[in-house]
Each structure stands twice: as C-alpha cells, then as structure tokens.
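Input: a single structure, listed below in structure tokens.
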Amino acid sequence: MTSTVSPLAGKPLAPGLLVDVAKLTKAYFDLPDPGQASQRVAFGTSGHRGSSLLLSFNEAHILAIAQAICLYRKGNGIDGPLFLGIDTHALSRPAFETSLEVFAANGVVTMVDEDLRFTPTPVISHAIIGYNRGLSAGLADGVVISPSHNPPADGGFKYNPPHGGPADTDATGWIERKANELMAGGLAGITRMPYAKALACEFTRRHDYITPYVEDLADIVDMEAIRSSGVSIGIDPLGGAGLDYYAPIIERYGLNATVVDTTLDPTFAFMPADWDGKIRMDCSSPYAMTHLIGMKDRFDVAFANDTDADRHGIVARSSGLMNPNHYLAVAIAYLFENRPGWRSDAAIGKTIVSSAMIDRVAAKLGRRLVEVPVGFKWFVDGLSDGSFGFGGEESAGASFLRQDGTSWTTDKDGLILGLLAAEITAVTGSDPGERYVELTRDLGEPLYARIDAPASREQKAVLKTLSRQQIKTDTLAGEPITAVLNEAPGNGAAIGGVKVVTADGWFCARPSGTEEVYKIYAESFRSNAHLRQIQDEAQAIINAAFAAA
C-alpha cells in the first residue's frame with residue numbers, strides 16, 4: 001500500500017478508539033435519505049455493506065433488501081427454504097431480526113441457527129447445496145448477514161441463490177434496484193410482522209447447522225491423517241462466526257488442536273489494529289494477525305478465519321504468516337496430486353490478479369488453468385459440476401471439491417483451507433511454508449505487491465475500458481509485452497481494467513469501487529528492483545492514458 005503504516009498497527013486500541021456499540025445499534029433505526037447516493041442500497045461483489053453511523057446500513061435498507069429478495073424469489077420460482085446466517089458484528093443481530101420480520105411475513109420458510117447463534121458463510125453454502133442435491137423444484141437459497149473482515153462499525157448483507165454461491169450481477173442488480181424503489185417509496189411496499197411473532201411462527205425453523213457440516217468434513221479433508229499424525233494445530237476464529245464450530249470439529253475428529261482465543265466481543269477490542277490503525281478482522285494482514293504469528297512456534301501449523309469464516313490466514317512454523325498467493329499455490333499443488341477421485345480434466349480456477357506462480361504450478365501438473373475476473377461468483381459453475389477442482393483468489397478466499405469430485409461449497413470456505421494446511425503438514429511432514437520453498441526451487445520465486453494510486457472518477461472510467469491501442473509502449477521493465485488483456489482469458493468476461501504481461505512479470509490496474517484510487521497489482525519473477533520498475537512503469541503507462549483521454 002502507498003499509505004503510511006499507522007503507529008497503532010499491530011497493537012490493541014485504547015478504549016476510547018473502540019466502536020460505541022450502543023451508539024451504533026441506536027443509529028441502526030435512523031432513517032437514511034434515498035436521495036443521497038451514499039445512503040442507498042448498493043450491491044458490490046460481496047453484497048450490500050455500510051454502517052448505521054453513515055446512514056448506509058440501517059433498518060430501512062434491510063427492510064427493503066429483504067422484501068426485494070422475497071419478490072426476487074417469487075419471480076424466479078424459488079420456493080424452498082431460505083438458510084439465514086449471521087456473523088458477530090454488532091449490526092448483524094438487528095439486521096437478522098429485521099430480515100426475519102420480513103421473511104416470515106412473506107411466508108418464506110427460513111432456517112435459523114437452533115440457538116440463534118452464528119453461522120459462517122461456507123456453512124450456508126454447504127447447507128444450500130446439500131438441501132438442493134437431486135432436486136429440480138422447491139430449491140433453497142440463503143442469506144448471510146456479514147460485512148466479512150470489515151471494521152466493527154460495519155454491517156453487510158449477502159444473497160446466495162440456489163447454486164449456493166455469490167449471486168451474479170443480474171440477481172444483485174435486480175435486488176438493488178427493487179430495494180431502492182421501496183426506499184424511495186417510503187417503504188410502503190414492505191410486508192413485516194413483529195420479531196417475537198416472526199420467531200415463533202410456522203415459517204421460522206430452528207436448524208442444526210453445525211452437525212451436518214462437521215460430519216461432512218471427512219469427505220473433503222483427510223481428517224484421519226491429521227488425527228493419526230498428531231500434528232499440533234493452533235486456531236484463531238478472530239472472534240467470528242467460526243467460534244461455535246472448532247470445538248465440535250476437534251472433539252469429533254480427535255485433533256491435537258487448540259482454539260487460542262474464544263473471545264466474543266462486538267467491539268473486537270482483543271484484535272490488534274490493522275495497517276491503518278483501524279480494527280479489521282483480516283486474516284491475511286500481518287498486523288491483524290499479530291497474536292497468532294507470535295504463537296507460531298507453539299504449533300506445527302496454525303490458521304485463522306475472518307468474521308464470516310470465508311477467508312483463511314495460514315501461519316507456518318517455518319515462515320510465519322503466508323502470503324495468500326503462496327498458500328494458494330501450495331494448496332493447488334498438493335490437492336491435484338492427492339485427490340485421485342477428481343476428474344482427470346478438473347481445472348484450476350484463479351482470478352486475474354492472483355500470482356503467476358499458480359500458472360506455473362498448473363503447467364507442471366498438466367492441468368487446465370482458467371483465469372477469471374475478480375469475484376468468487378466466477379467459480380460457481382465449475383465448483384458445482386466438478387469441472388473446477390479448485391477456485392481461489394488472491395484475497396485469501398478459496399474452495400475445492402470433495403474427495404469424490406463432487407461439490408462441497410460454491411462460496412469461499414476458510415475452515416477447509418485451514419484444515420487442509422494441517423492435512424498437508426500431516427501427510428508430507430512439511431508445513432505449507434516449507435512446501436512453498438520447494439515450489440520456488442523448481443518454478444522460480446515471484447515477488448508480488450499491490451499499491452494504490454490516486455484517480456478521479458473520470459480517470460477511473462477511462463481505466464475501466466483501457467485498450468491495447470491506448471498503451472503507447474511495446475515493453476514493460478525491459479521485456480517485450482506478450483499480452484494486454486481487458487478480458488479474462490478463462491471466460492472472456494471484462495476485468496474492469498487492464499492486465500499487461502511479459503515473460504517474467506505483469507501488472508493489472510483496476511479502479512476501486514469505493515475510493516478515488518486505482519489498484520496496481522504487480523509481480524516479478526526476477527527481483528525486487530524489477531518489481532519496482534514494473535510498478536513505476538505501470539503508473540507511467542496509466543498516467544499517459546489518463547492524459548491522452
């Protein structure tokens with residue numbers, strides 16, 4: 001990142017800097033102004049996110065979104081149960097109550113945790129897929145109320161249709177438009193009932209989410225290999241929705257594992273601040289992961305999840321916190337050599353900004369590589385039909401198939417990626433950090449970084465449609481440019497930016513959807529100096545295109 005690291009990074013925050021939960025939940029009932037763009041419903045790649053303090057995640061938003069989902073279900077013939085899960089952010093509970101009021105009043109059978117506790121994103125996906133297996137009608141879908149790893153003042157609301165994965169832009173666009181129509185109309189079209197009545201009504205069903213997920217884990221991870229090896233495992237749920245799951249997993253499979261922190265606190269005061277001095281449950285951040293990194297010598301391998309447990313952070317005894325790209329390469333190399341039940345043509349899915357190390361691993365394995373735009377939704381079809389053995393993105397999110405080659409989840413699953421690190425350690429006798437070093441000896445050692453650079457709204461629009469003709473150079477960092485991509489080679493979908501590739505490096509520039517910046521992802525297989533040269537020339541190329549526009 002180009003921003004200066006805060007002196008608070010990696011340290012606990014003083015009480016006065018923590019979120020005021022009472023103020024946050026009180027503001028949830030404030031009325032947003034639908035005439036203000038920042039206060040309307042806006043679905044990004046991971047649903048609608050915002051904060052009640054900014055009038056961007058309030059009761060009105062959730063009423064409108066929940067009603068829009070009911071209308072979307074009716075219009076698309078989705079009439080099975082809706083699996084509803086929440087994480088541990090303070091705004092998740094009131095949003096759960098609001099949405100249940102609407103779902104129940106609309107006659108939607110809604111499956112809630114039997115103890116009204118927390119449910120990870122991948123568990124919702126697993127439940128949807130399990131329910132729908134073999135059905136052609138009466139299909140289930142789901143909602144996860146979570147802003148993922150975002151700060152404690154944020155809330156989030158995600159919809160997963162019957163395929164179990166993130167909704168595509170057609171679905172989210174329709175839901176967003178309808179929700180904003182309802183808000184603009186003063187919520188006149190909302191059907192709801194009081195929460196106590198909704199909780200007790202025939203349409204709300206208590207559901208055991210934990211047992212089916214835990215029992216099925218042996219179908220996707222070699223739990224017996226982990227148990228019999230005695231490999232020692234450290235697990236940190238980072239105060240998130242995984243809190244209720246790891247004790248049953250440890251007990252069921254007899255693992256030599258320790259949950260290092262079971263704190264449940266909506267202020268997340270136990271979390272060290274991230275790079276910018278804000279609390280963020282980002283399990284790929286060395287600052288947010290300070291505590292678990294400090295424990296690395298206590299365990300053979302350790303891992304953490306973000307708040308809805310769809311991301312993973314792997315801490316190896318040999319190397320500390322692994323770069324997400326490094327672990328994806330290790331996981332892919334291991335899985336495709338140790339899953340004989342997968343189809344011989346099962347492909348490897350990666351996002352356009354993930355490391356080219358994955359390309360080299362795929363070539364070594366003789367497996368087809370499918371490179372797609374940013375967003376896990378692009379892996380849904382392949383993970384559904386078994387044509388993708390693995391799908392992963394550089395932001396530490398991935399999933400893979402069951403050992404028999406059938407679908408497990410079509411959303412990211414941080415729990416199985418953490419347990420896979422333990423399986424790798426148990427089966428190979430080397431932790432994932434050591435396995436990565438072995439890969440680099442054979443395939444080269446990449447250096448990867450992301451920086452942010454300023455860009456106006458107009459410049460971001462230019463970048464989104466930048467073409468080969470607008471790039472006035474044939475070389476990058478001393479190498480001939482071999483490809484300029486506006487579309488992902490794996491599926492031809494627009495990447496919302498540009499990727500420039502050479503034999504030993506590449507960069508990808510994409511506009512931010514929320515800030516006046518653009519992101520430059522870059523990688524070199526040569527040296528740090530070569531990486532910096534790629535970054536500098538990337539900015540020069542983009543700035544020249546801005547100037548010419």
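Separation of atoms CG (D219) and CG (L401) is listed at 12.5 Å; rounding is to 0.5 Å. Rounding to the nearest 0.5 Å places OG1 of T502 at 13.0 Å from CG of D474. Note that OG1 of T211 and CZ of R252 are 10.5 Å apart. Values are rounded to the nearest 0.5 Å. We find the CZ-CD1 distance between F507 and I520 to be 7.0 Å, quoted to the nearest 0.5 Å. Separation of atoms SG (C283) and CG (L238) is listed at 6.5 Å; rounding is to 0.5 Å. With rounding to the nearest 0.5 angstrom, the CG atom of D413 is 8.0 Å from the CG atom of L217.
Using cut-offs of 30° and 60° for the angle between ring planes, the F83 and H207 rings count as perpendicular.
Donor-acceptor pairing under 3.5 Å is recorded for the side chains of E523 and S355. A donor atom on one side chain and an acceptor atom on the other are found under 3.5 Å apart for D282 and S284. S125 and D411 share no donor-acceptor pair across their side chains, judged by distance under 3.5 Å alone. Judged purely by distance below 3.5 Å, without hydrogens or angles, the side chains of D431 and T425 never pair a donor atom with an acceptor atom.
Within the structure, ring pair (Phe, Tyr, Trp, His ring centres under 6.0 Å) pairs that include any residue of residues 387-425 comprise H126-W408, Y213-W408 (at least two apart or interchain). Residues in residues 319-328 take part in these side-chain hydrogen bond (donor to acceptor under 3.5 Å, both in side chains) pairs, two or more places apart or across chains: H326-Y436. Sorted by first then second residue, the ring pair (Phe, Tyr, Trp, His ring centres under 6.0 Å) pairs that include residues 342-371, not counting sequence neighbours, are F336-W342. Under the side-chain hydrogen bond (donor to acceptor under 3.5 Å, both in side chains) criterion, the residue pairs touching residues 365-384 are E371-K499, with sequence neighbours excluded. Residue pairs meeting the side-chain hydrogen bond (donor to acceptor under 3.5 Å, both in side chains) criterion with at least one member in residues 414-424, sequence neighbours excluded, are Y334-E423, R339-E423.
Side-chain atoms of T473 come within 3.5 Å of backbone N or O of T475 as a donor-acceptor pair. Proximity of a side-chain donor or acceptor of D261 to a complementary backbone N or O of D236 within less than 3.5 Å is not detected. Without hydrogens or angle criteria, Q539 side chain to D536 main chain gives no donor-acceptor distance under 3.5 Å. No side-chain donor-acceptor contact under 3.5 Å links T406 to the backbone of R402. Looking at T307, its side chain does come within 3.5 Å of a backbone N or O of S148 through a donor-acceptor pair. Looking at H89, its side chain does come within 3.5 Å of a backbone N or O of N150 through a donor-acceptor pair.
Nearest heavy atoms, Q403 versus D222: NE2-N, 3.9 Å. The shortest non-hydrogen separation linking I534 to A522 is CG2-CB, 4.0 Å. Across all non-hydrogen atoms, the minimal contact from G444 to P446 is O-CD, 3.5 Å. The two residues P373 and N491 make their nearest non-hydrogen contact at CD-OD1, 3.5 Å. Among all heavy-atom pairs drawn from A171 and Y72, the shortest one is CB-OH, 3.4 Å.
I352 places a side-chain heavy atom less than 4.5 Å from the side chain of P489. Contact annotation: the side chain of Y253 never approaches that of I226 to less than 4.5 Å [non-hydrogen atoms, C-beta and beyond]. For the pair I69/F157, a side-chain contact is recorded, criterion being any heavy-atom separation below 4.5 Å from C-beta on.
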Check step by step if side chain to side chain contact (heavy atoms under 4.5 Å, CB included) holds for L365 and I348.
CA-CA 10 Å; L365 293 167; I348 297 165; 4.1 Å; yes

- Passes side chain to side chain contact (heavy atoms under 4.5 Å, CB included), S399 versus T410? Steps please. CA-CA 7 Å; S399 190; T410 47; over 6 Å; no

Item to complete: Would you please test S232 and N256 for side-chain hydrogen bond (donor to acceptor under 3.5 Å, both in side chains) and show each step?
Response: CA-CA 5 Å; S232 61; N256 180 20; 4.8 Å; no

Please test F303 against H312 for side chain to side chain contact (heavy atoms under 4.5 Å, CB included), starting from the C-alpha separation and ending with a verdict. CA-CA 7 Å; F303 62 89; H312 58 273; 5.9 Å; no

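A salt bridge links R435 to E438: one of the charged nitrogens lies within less than 4.0 Å of a carboxylate oxygen. We find that R360 and D442 are not joined by a salt bridge, their nearest charged nitrogen and carboxylate oxygen being 4.0 Å or further apart. Using a 4.0 Å cut-off between a side-chain N of Lys or Arg and a carboxylate O of Asp or Glu, D345 and R343 qualify as a salt bridge.
Put simply, the residue from D310, N305, D308 that forms a side chain to side chain donor-acceptor pair (under 3.5 Å) with T121 is D308.
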Report all side-chain donor-acceptor pairs from residues 286-299 shorter than 3.5 Å, counting only partners two or more places apart or in another chain.
{"residue": "T290", "atom": "OG1", "partner": "P286", "partner atom": "O", "Å": "3.4"}
{"residue": "T290", "atom": "OG1", "partner": "Y287", "partner atom": "O", "Å": "2.6"}
{"residue": "K296", "atom": "NZ", "partner": "R317", "partner atom": "O", "Å": "3.1"}

